[in-house]
Every structure is written in structure tokens, then in C-alpha cells.
Q: 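Quick one: structure below, then a few questions.
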Amino acid sequence: MGRTRRLSPFLNDFAATVATSILITISLLLITRVIATKFGPEDLGVYVLFRRVGAFFVPIATFMIGVGLTRAVAMSKPHDRSLATSAAILGLLGTTVAGLLLMLAPHFKSQLSSEVHKIAAIAHPLVVFLFANLIFTLAYSWYRGTGEMRKANIWQLMCVALVPLAATLMLAGRKPIGSLLIVIALAYALPIAVVINLVRPRPGISANRLRVQIAELARYCLPRIPGSLGLTAILALAPLVAAFRLGLTQSGYLGAGQSIFAVSEGGATALSLLLLPKLSSLLSEGRTTEIRERVSR
């Protein structure tokens, strides 16, 4: 009998992450279809705006700590849990500011058109989403940084795909779209127990150490916000403009069409998720000659 050839741990993680990305995309497409059929085209437009505007606010609210925390954890040996606390403080600052801005949106209703009234109605679900997403980002980035991609993929599948899809199937036609959006947003807070364990106070972690870590994270993360905003704006601004010019129904159709292209992102997204912590770890160990070889492979 021939010997079975096993895939390397990196290729195993890559295959699992690609599969996770594809399953999430399929789930999001199913959610879009259920909302379109059970709620109607106008509520589909509300849902699409919730997704797109939420994605636009995430880089601002989290200060890109998803990238910074992953890199910092991968470069720390042993993995320093105080980094999660520092990232949580930095992310909470940005999320609170973004949340307050969104909470002000409904107060301008008297000066808005009827279409914009409906857009302002997503403000409260978006605030819930931003704080819940901060919890998900901390847990997901920690597991990416420690190389535990199986746990990271499971949490992503649960928070982004399975629970929102189950909620949509159960609530469609029974609850208003605003209630469904809040449940979808809360799904991102599922790993809260993981995050509490990561950020809880520990002996030996001084306030000065946290200040230094926050400053280092900010120096790495803040310059990356404009690039991420530019990328998300490409998808977010088109449905927003369509909502004002053509109405929420046409905005929903546009957003649904955009979602189909996300299927092609699976492989590239998975590769980027895995390369950052792997290469950061090699760099921290001074193994720079291996980086070119790993990238080429």
C-alpha cells in the first residue's frame, strides 16, 4: 500500500479558511434571498444598507485592531494576553465615538426625506453591530495571531453565517426588519466569554505597559484606516447613492448583485488571513530569508 501524503498545516488551514469563506458567502446570499422574498424589496434595501454602511464604519470604529492585534500576537513569544486588553481599549474608544455619531442620526429625521427616514432607522442596529463586532474582532484576531485558525474559522462561521441565517429563517415574516437586524448584529457578540477571559486583569500588567502597547498598536493601525475605507467605500457608497437617487428597492437590488462577486474573493481572502500572522512570526524570529520562500510557495 502506498503511503498517504498529508497536507502541511498551512495548506490545511488554507483549505479550511477557503471553505469557510465560501460557506459564509453562500449564507449571506441565502439571507439576502430570504429577506427579499419574505420582507420585500424595500426591506431588502434596508438590509443591504445595514451591511454596507456597517462595513464602512468598521475600520473607523475598530481602528483596524483586527490587523494590528493579529500581527502583535503573532510576534509575541509567548503570546501576550495584555495585547488583547490594549486592543480592546483602543477599539472601544473608536467604537464609542462611531456609536455616538450613529445615535445622533435619528434626531435629524425632521429634516430628511421619506427615503432617508428609513435609512436613519438602521442607526440603532448599526450601533449594536459595531460593539458586537468589536467582540468578534478581538476573539478572531487573537486566534489568528496564535495560529489557531480552526477556532477562528468556527467563530467566524457561527457569528457571520450560521446564527444570522438561522435568525433570518425564524424571524422572516414574523418580526420587522429592524428587529432582525439587531439579532444579526448580536450574533457577532457570541465569543464574549473568550474576550472576557482575554482582557480580564492579570497580575504584572501595569498601566504603563498598556499605554505603550496602545501607542504601538495605534502607530501600526491608524495609517491603515484610509486604505480600508477606500476599499469598503467602493461597495458601500453605490447602494447609498442609489437609495437617495433611485429608492431603497433599487438600492437593494444593486447590493444583492454586488454580493455575488464576493464568491471570487474566497481564495485571496483566505491567503491574506493566513500570511499576516505567519510572516509576522517569522519576522519576529529574524528568519527573514524564509519569508520570500514562504510567499513564493
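Note that this is a predicted model, so its numbers are computed, not measured.
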Q: Examine L30 and V163 and state if one hydrophobic cluster contains both, with Ile, Leu, Val, Met, Phe, Trp and Tyr joined whenever side-chain heavy atoms are less than 4.5 Å apart.
A: yes
Q: Would a 4.5 Å heavy-atom cut-off, applied to side chains only, mark V128 and Y188 as touching?
A: no
Q: Roughly how far apart are T70 OG1 and M64 CE, rounded to 0.5 Å?
A: 10.0 Å
Q: If you round to the nearest 0.5 Å, how far is NZ of K175 from CD1 of I182?
A: 11.5 Å
Q: What are the two closest non-hydrogen atoms of S27 and L162, and how far apart are they?
A: OG-N, 4.5 Å
Q: To the nearest 0.5 Å, tell me how far I24 CD1 sits from T20 OG1.
A: 6.0 Å
Q: Is there a side-chain contact between V67 and Y220, using heavy atoms and a 4.5 Å cut-off?
A: yes
Q: Would you find a donor on one side and an acceptor on the other, under 3.5 Å apart, between the side chain of R202 and the backbone of R200?
A: yes
Q: With a 3.5 Å distance limit and no angle check, can you tell me whether D80 reaches the backbone of S76 through a side-chain donor-acceptor pair?
A: no
Q: With heavy-atom distances below 4.5 Å as the criterion, would you say the side chains of L130 and F57 are in contact?
A: yes
Q: Rounded to the nearest 0.5 Å, how far does CD1 of I122 lie from CG of L49?
A: 5.5 Å
Q: Side chains of Q213 and S82: any donor to acceptor distance under 3.5 Å?
A: yes
Q: Linking I/L/V/M/F/W/Y whenever any side-chain heavy atoms sit under 4.5 Å apart, do I26 and V34 land together?
A: yes
Q: Group every Ile, Leu, Val, Met, Phe, Trp and Tyr by side-chain heavy-atom contacts under 4.5 Å, then state whether L186 and L28 land in the same group.
A: no
Q: Compare every heavy atom of G145 with every heavy atom of V73, then report the nearest pair and how far apart it is.
A: CG1-C, 3.7 Å
Q: Please step through side-chain contact (heavy atoms from CB on, under 4.5 Å) for the pair N153 and L157, ending with a clear verdict.
A: CA-CA 6 Å; N153 285 330; L157 201 58; over 6 Å; no
Q: Strictly distance-based, threshold 3.5 Å: is any side-chain N or O of R51 a donor or acceptor partner for the main-chain N or O of Y47?
A: no
Q: How close do A88 and V199 get, counting heavy atoms only, and between which atoms?
A: CB-CG1, 3.9 Å
Q: In Å and rounded to the nearest 0.5 Å, what is the CG to CG distance from L29 to L165?
A: 11.0 Å
Q: Would R52 and F56 count as a cation-pi pair here, with the cationic atom under 6.0 angstrom from the ring centre and within 45° of the axis?
A: no
Q: V194 and W142: side-chain contact (heavy atoms from CB on, under 4.5 Å), yes or no, with the steps?
A: CA-CA 10 Å; V194 173; W142 175 265; 5.7 Å; no
Q: Verify the distance criterion only: is there a donor paired with an acceptor across the side chains of Y140 and R144 at less than 3.5 Å?
A: no
Q: Given side chains that start at C-beta, do those of L44 and F39 come closer than 4.5 Å, heavy atoms only?
A: no
Q: Report whether L92 and L90 are members of the same hydrophobic cluster (ILVMFWY, side-chain heavy atoms less than 4.5 Å apart, transitive linking).
A: yes
Q: For R209, look at atom CZ and say whether over 12 heavy atoms of other residues, nucleotides or ligands are found less than 6.0 Å away.
A: yes
Q: Does T137 reach the main-chain N or O of G66 with its side chain, forming a donor-acceptor pair under 3.5 Å?
A: no
Q: Write down the atom of A185, the atom of A132, and the distance for their closest heavy-atom approach.
A: O-CB, 3.1 Å
Q: Looking only at non-hydrogen atoms, find the nearest pair between G99 and V127 and report the distance.
A: O-CG2, 3.6 Å
Q: Closest heavy-atom contact between L138 and L198?
A: O-CD1, 4.5 Å
Q: Any side-chain to backbone donor/acceptor pair from S21 onto T17? Under 3.5 Å, distance only.
A: yes
Q: M103 vs H124, test: side-chain contact (heavy atoms from CB on, under 4.5 Å). Steps then yes/no.
A: CA-CA 7 Å; M103 288 292 287; H124 291 137; 3.4 Å; yes
Q: Check the hydrophobic clustering (I, L, V, M, F, W, Y; side-chain heavy atoms under 4.5 Å; chains of links allowed) and say if V212 and L69 are grouped together.
A: no
Q: From I177 CD1 over to L171 CG, what is the distance, rounded to the nearest 0.5 angstrom?
A: 9.5 Å
Q: With a 4.5 Å cut-off on side-chain heavy atoms, are I65 and L134 touching?
A: yes
Q: Could you check F50 against V46 for side-chain contact (heavy atoms from CB on, under 4.5 Å), going step by step and ending with a plain yes or no?
A: CA-CA 6 Å; F50 168 77; V46 174; 5.6 Å; no
